[in-house]
Protein chains: 2
Amino acid sequence: MRGSTTSSEKKDEPDRRERRRLAMLNAARELFVERGYDAVSLSEIVKRSGGSLATLYELFENKAGLLGAIVANKRFGTHEQIDALIARGGVPAEMLKGVAEILIENFSEPETVGMIRVVMGETLRDPGFAEAIFKASHVPSVERIAELFADWNASGRAVIPDPMLAVHLFFGLTVHRAQNRAIFGELADATQPPPERLVAEATALFTSFYKIEGAETT
Amino acid sequence: MRGSTTSSEKKDEPDRRERRRLAMLNAARELFVERGYDAVSLSEIVKRSGGSLATLYELFENKAGLLGAIVANKRFGTHEQIDALIARGGVPAEMLKGVAEILIENFSEPETVGMIRVVMGETLRDPGFAEAIFKASHVPSVERIAELFADWNASGRAVIPDPMLAVHLFFGLTVHRAQNRAIFGELADATQPPPERLVAEATALFTSFYKIEGAETT
DNA sequence: CGCGTAGTGTAGCCTACATTACACAAAATT
DNA sequence: AATTTTGTGTAATGTAGGCTACACTACGCG
């Protein structure tokens, strides 16, 4: 089994308890993403993480608590990447392309797709849970991009009268692919374009329509 | 098993058996959409539909079979509406607006949103099921619109070098709203535009970028 | 040491279904 | 009406899995 032999790691111990906690969190996240929340039993999680059922209950109240902890623990890096991109600055058209790349890349990860499935499954049972994820993941990104658009508009580097509307559309263009995948699985790809083409066409559409500065000569 | 239908029924009775079947199908569909496939028990379904558990098993093999029957029975009218629209003809820009309206309208129905949830929940467990829905609902619509775009392109009424790509983008613009709703629930609407604005902006974007004939003067 | 706290492994309780069995009632058929 | 066919109500049956209890172990600290 998991021969813990003589645990010689007494020095750099980042707290015994915390390590167990993270192991369980990771195992649970992996399994939930792979097979769905309902389909995974707590015993399975413990089997993968090591430790015991009792400890799991000690650390997280119950199954729902475990899911909550996963979310609380998870880093939704997208808006941070967007922040970094904005901080780096540049020509609007290029920044837009950068945003598209970030969105499509992040949403292409199987983990993200799996997470979408989990959230969707729980939305009916616990709207509060959906809200937490919504505010932690979706809203921050939307806000960043909306501000960016508003800035461009204010400074005359683009013509975007309704930034929120534009952001919604831009999300539609880029994120729809991953959402289809979450719904239908891999077979959805049969009708879907590869990421690079998506990035190119979506930015072309936007720069053209919203007169975003920096577009190559038509 | 099903006796030969030699017996001529009395009145307009659409077959006793068939009526029970439909009642069960409807009850099941409603409940699945409202609360999710897993969360609904067969007894509940019977309670709503009338009839008995035994009959349910007689008609549909088991719970999965019931779900399958719902799908087989369901009319995915979207592509038919699109066909009708195409048959009606018209200026490309106006037809595009019509397509947008059809898509957004269909995907705004709570039933569609619920169905998306159900499909997504089952995709992991049974990819074949996802495939069936995919081919019955999504693919036909995509194909219709792609042909339409290709026609416009061929006849010089638009410039759409890659119709499939364009269709994907158009779906993204229009359908993303419903998909967000499926994932996050109603609270997603906080960041989402109303349907009319979506229709207007999406068609404006497309007619402008793809030079679709019939756009109002810029 | 030797005690106490935390962690482990496991067995079992308990509930919620899916699925089946069966005894009965209502039609349909003759 | 008698018989056959079909549908109904309800009560098993079996199983999965969340959750709890508990006896046991490892280890830190005096």
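Chain letters run A, B, ... following the sequence lines, proteins first and then strands; every chain starts at 1. Owing to the predicted nature of the structure, the values given are computational and were not obtained by experimental measurement.
- Here D/dC19 is the nucleotide among C/dA18, D/dC19, D/dG9 with the atom lying nearest to any side-chain atom of A/Y57.
- Nucleic acid contact class of A/V46 (heavy atoms, under 4.0 Å, all strands): none.
- The listed nucleotides are C/dT19, D/dT20, D/dG9; the one nearest the side chain of B/K63 is C/dT19.
- A/G65 and A/F60 get closest at one heavy-atom pair: C-CB, 4.2 Å.
- The CZ atom of B/R125 sits 13 Å away from the C1' atom of C/dA18 (whole-angstrom rounding).
- Taking the nucleotide of DNA chain D with the nearest heavy atom to each of A/N62 and B/G51, the more 5' of the two is matched to B/G51.
- Closest heavy-atom contact between A/T123 and A/A130: OG1-CB, 3.6 Å.
- In this structure, of D/dC19, C/dG9, C/dA21, it is C/dA21 that holds the atom nearest to the side chain of B/A54.
- Summarising the geometry, the separation between CG on B/L56 and P on D/dT6 is reported as 18 Å, rounded to the nearest angstrom.
- When heavy atoms are screened at a 4.0 angstrom cut-off, A/T55 is found touching base atoms of the nucleic acid.
- Following rounding to the nearest Å, B/L66 (CG) and C/dT19 (C1') show an atom-to-atom distance of 14 Å.
- Counting only distance, with no hydrogens or angles, the side chain of A/R48 and the backbone of A/A27 share no donor-acceptor pair below 3.5 Å.
- Atom-to-atom, CD of B/E44 to P of C/dA16 comes out at 12 Å; the value is rounded to the nearest Å.
- For the pair B/L53 CG and D/dT13 C1', the computed distance is 13 Å after rounding to whole Å.
- Distance A/R17 CZ to D/dA26 C1': 16 Å, rounded to the nearest Å.
- Distance, A/R20 CZ to D/dC27 P: 12 Å, rounded to whole Å.
- We find that CZ of A/R19 is positioned 14 Å from C1' of C/dG7, with the value rounded to whole Å.
- The closest donor-acceptor contact from the side chain of A/Q81 to the backbone of A/I102 lies at 3.5 Å or more, if one exists at all.
- Classification of the A/F206-A/F149 ring pair by plane angle, with boundaries at 30° and 60°, yields tilted.
- Residue A/S52 places its side chain closer to C/dT8 than to any other of C/dT8, D/dG17, D/dT20.
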